[in-house]
Amino acid sequence: MTVTRAIPRALGRLLRAEWLRVAVPLALLWEVIPRTGLVPRTLAPALSDVAAAAVQLAVHGGLARHLASSLGTLALGLALAVLAAVPAAIVSGWNPLVRRHVLPYVQVVAPVPPTAWVPLTIVLFGVGLPMKVFLVFLGAFFPTFLNTYQAVRDTNPRYLAAARVFGASELSLVIHVHFWHALGAILMSIRTGVTLGLVMLTAAEMYGGRAGIGFLLMQAKEFFQIPAMVVCMGVLGAVGWTLVELLGLLEARLSVWKDLEHQR
Amino acid sequence: MSGRGIWLAVGALAAAAAGVGAVVAHRSAGTGAESGLAAATPPAFRIGYTGSPLLAALYLAEKRPAWRGTDELVRFETSADVGYALIAGKVDAGFVEPAKALLIRDIREFRDIDVIGKVTYPYGGILVVRKGLHLRVQDLPGHTVAISEPGCKLYHALKKDLAWLKVDEARIRFEQLPFDAMLPALEAGQLDAAMTKASYSVLARKLGHDIPYVQLDIAAGDACCPAVVAQTEFLLLARRPARADARRLGQLLLEAQKEGDAALRAATQEQTAIPLAVLEASPSAVYSFADRLLLELFLKVEADEGAEKVGKR
Amino acid sequence: MIEAVNVTKRFAAPGGLITAVHAVSLSVRAGEIVALLGPTGCGKTTLLELLAGLQSPTEGSVTIDGVLALPPEPADPEALRAHRRRHGLLPPVANGLFRDRPRHDVAVVFQDHAVFPWMTTLRNVTFALGVRGVPRAQRREVAVGALERVGLGAALHQYPAQLSGGMRQRLALARALAVRPKAVLMDEPFASVDQATRERLQDLVLELWRDTGVTVVLVTHDVAEAVYLADRIVLFGAIPGEVSRVAAVPLARPRARASPELAALQAAFATAPDER
């Protein structure tokens, strides 16, 4: 299943009858209730106001530019996090010596909520791109590391023995057994990392730099443009959904051989 | 989900909407104060502010004996946040930037909000250069400089002096940004310098940037932006029920200002932790009650919506 | 070809130390088929792994083709850690760190076949060949040959999840034999397949044994299987971890499954006090 066909298929999944049956009444309520004036319409915009703001942002507000900036920062931070976390976690899971030296630090730092890092990050990196990338990295690194580590630790020792008996070196074991065995969990951990990375991206953009959907969100707040705020939130949600679906695609590819695991 | 389930969901949503409406109706009817304790003590008078160094009079007023125990300063990140709090009734009065105040006016609840006074600053332009760059005006070619717009008076003043100093203006990259976006962009490293209003001088120095060029000999105001708005840094807005307290506050500010710059700066330093040396390098902002001109500017637009409003003042 | 001298294996467990194998001495000659027969839990799997060089004994020694398999290690975890630190051993088997280093020319077929589910049938075998140092150019040819030998020629590019249990077992067999080991050790390899498939696989093993002359050590709890295949049977008896006796199977091959001699031998071994 190629990517170009998978997204429409996923969207088709969304537009199933069950989903529509709830979405359409909700949309109607969203349109009607603000118009009744129970809450001022400028503070609680109707669906049509939000749609108009979306068009406005897209045509005049540089929505595409800010979206590209957000996606770029996210991609950079995620790539760094995965490249750092996956090998480090595999090696920690493989070797007790490495584990004893690395894991305690990870376990102590991981519970700190990523948003608590923002002030320190601003002090260290200023408020430009490095600060944003670092915060995304922080958000994505820990869940990826810990889940990958656990998956590698849970590697079925049978496979290790089977490879060892042929004479496989430790490096061969890591590359050919540990990594593949843990791949399903690795992708799942990346999925968690992506979600957290997106959270951190929004927080980072709200604090510094002048690009990105998070920045647009803050600008909308600063200038009392509530419908635009809703549009930004919707865009962020759509980005998160798309990324998760893409990763799900990757995981589905693996299910060809993964079934064997679940049969045990 | 069956048909009945849909109606249940719709019913639940309608109930929720009704609940929200009830809360909002109750909120706009009340003063926002805690009704339980209102009988014994005067209700709290909460004032929203952003911690700007230009609100020196406020910080000094807080320390003087005339300040009541029920008067309370509530700090916010930005003046838009003050605005939201004002609309929601979480504060009774607040200092809001004029541009934001105009936006608040467009939101319907503004019919409950009055303009009490303004904080002004001597008009002029400064060139803020990012810390560490150590540029003089002559070094600007090859760098990026922010201006608010091509027709900006401050920009013209700078151009005149650049020509007088025989600086190659064509090699300077000018970028357009609103005034309040200039310092953040400087901090983020997206600019090398910014030609901004003199009222930002304290903040700029506090952040560690250099100000190699100051031009205060500029008349405020032009065709699109009258002086009264160009020079105004903050407006004191108040919810109508708290009007009397807000006028009292205005009096306190006028009294505090009489104590002189030294006292004002000392109070600002305590409240904002900006070093005295930085404060002393700039003139102080001044509070005054809203004058006819300012009220007409606001009233003029309100009058478009309904002439009967005019008589209420 | 494989010599075990007074081998004992103890494990650390919550209650103390458990003896899995106690003072077993065994000599497997080149080219013969030996069956380790006994009920579940008597230590025959552990013995097999000791013979393969996958585990180190607590006492005694195992030599494969004249080379010591693994030096003895203490069972107590504290002592074990100290021992490994002193000798710089990475647990649990000291193969190379970066380079594949086959230490002994043996192959193992595990009870749950342990084929890698993320590799295709063909890749499973070429991987083993690669680890063994077969040049890249030859790997595919040898692998295909081995897979066709066991009847998997049509399933080269399928994943183990798509194969039946019997096919997976055949894949494990092909992978083990493709590297042309001197000995292949099998741990109850046919326990999880049905009777008909089991018989077919047993005949396949005999065929391959006849063609290559490989030494076979087979762990099983099925008396009929042991009697059908083996030259000698090592019986595990009443006491877990101890060999009760070693008996020869003096029947000529090919053996008929239903023959009376076979039945008699089966009965003889079955009456040994090992049924729990």
Side-chain angles (χ1 to χ4, degrees), chain A residues 86-87 90-103 148 151-188 250-264, chain C residues 48-49 52-55 81 84-85 88 90-121 123-125 127-134 158-163 165 168 172 175-176 178-179 181 184-185 187:
Chain A
V86 170
I90 292 181
V91 171
S92 299
W94 155 69
N95 186 299
L97 192 71
V98 175
R99 180 192 330 148
R100 267 199 296 275
H101 286 90
V102 169
L103 197 63
T148 303
V152 172
R153 280 215 71 180
D154 291 341
T155 304
N156 193 333
R158 268 282 156 267
Y159 297 130
L160 298 174
R164 281 207 174 97
V165 84
F166 288 106
S169 65
E170 298 296 308
L171 182 67
S172 282
L173 280 182
V174 166
I175 297 174
H176 294 288
V177 181
H178 280 299
F179 172 72
W180 291 97
H181 185 81
L183 191 56
I186 292 177
L187 282 175
M188 201 198 64
L250 256 174
E251 278 186 66
R253 280 252 176 83
L254 299 180
S255 69
V256 174
W257 52 260
K258 251 173 57 134
D259 289 335
L260 187 59
E261 287 299 297
H262 296 307
Q263 276 166 26
R264 290 179 183 284
Chain C
L48 188 82
E49 294 197 348
L54 280 171
Q55 288 194 40
R81 236 176 290 153
R84 287 209 176 126
R85 227 177 291 139
L90 290 167
V93 171
N95 280 344
L97 193 55
F98 293 112
R99 296 175 54 130
D100 302 327
R101 184 158 53 101
R103 298 171 79 249
H104 306 287
D105 212 351
V106 301
V108 178
V109 177
F110 295 90
Q111 179 172 4
D112 45 10
H113 58 75
V115 297
F116 303 122
W118 53 86
M119 297 183 187
T120 60
T121 306
R123 179 82 184 103
N124 260 286
V125 183
F127 171 72
L129 289 169
V131 168
R132 276 291 164 108
V134 173
Q158 296 194 311
Y159 285 95
Q162 300 163 300
L163 304 175
R168 286 184 217 137
R175 182 176 67 176
V179 300
V184 63
L185 293 89
D187 184 2

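Chain letters run A, B, ... following the sequence lines, proteins first, then strands; residues in each count from 1.
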When every non-hydrogen atom of A:Val177 is compared with those of C:Phe116, the smallest separation belongs to CG2-CE2, 4.1 Å

Cut-off 4.5 Å, heavy atoms of chain A, and the answer for C:Val179 is side chain

Backbone N/O of A:His176 and side chain of C:Trp118: donor-acceptor pair under 3.5 Å:
yes

Taking only residues two or more places apart in sequence or in another chain, which ones pass salt bridge (charged side-chain N to carboxylate O under 4.0 Å, His left out) with A:Arg158?
C:Glu49, C:Asp112

Decide side chain to side chain contact (heavy atoms under 4.5 Å, CB included) for C:Arg175 and A:Phe166; before the verdict, give the C-alpha distance in whole Å, the side-chain angles of both, and the deciding distance to 0.1 Å.
CA-CA 10 Å; C:Arg175 182 176 67 176; A:Phe166 288 106; 3.8 Å; yes

Going by the rule salt bridge (charged side-chain N to carboxylate O under 4.0 Å, His left out), which residues pair with C:Arg132 if we only count those two or more places apart in sequence or in a different chain?
C:Asp105

Please classify the contact of A:Val174 with chain C as side chain, backbone, both or neither, using a heavy-atom distance under 4.5 Å.
neither

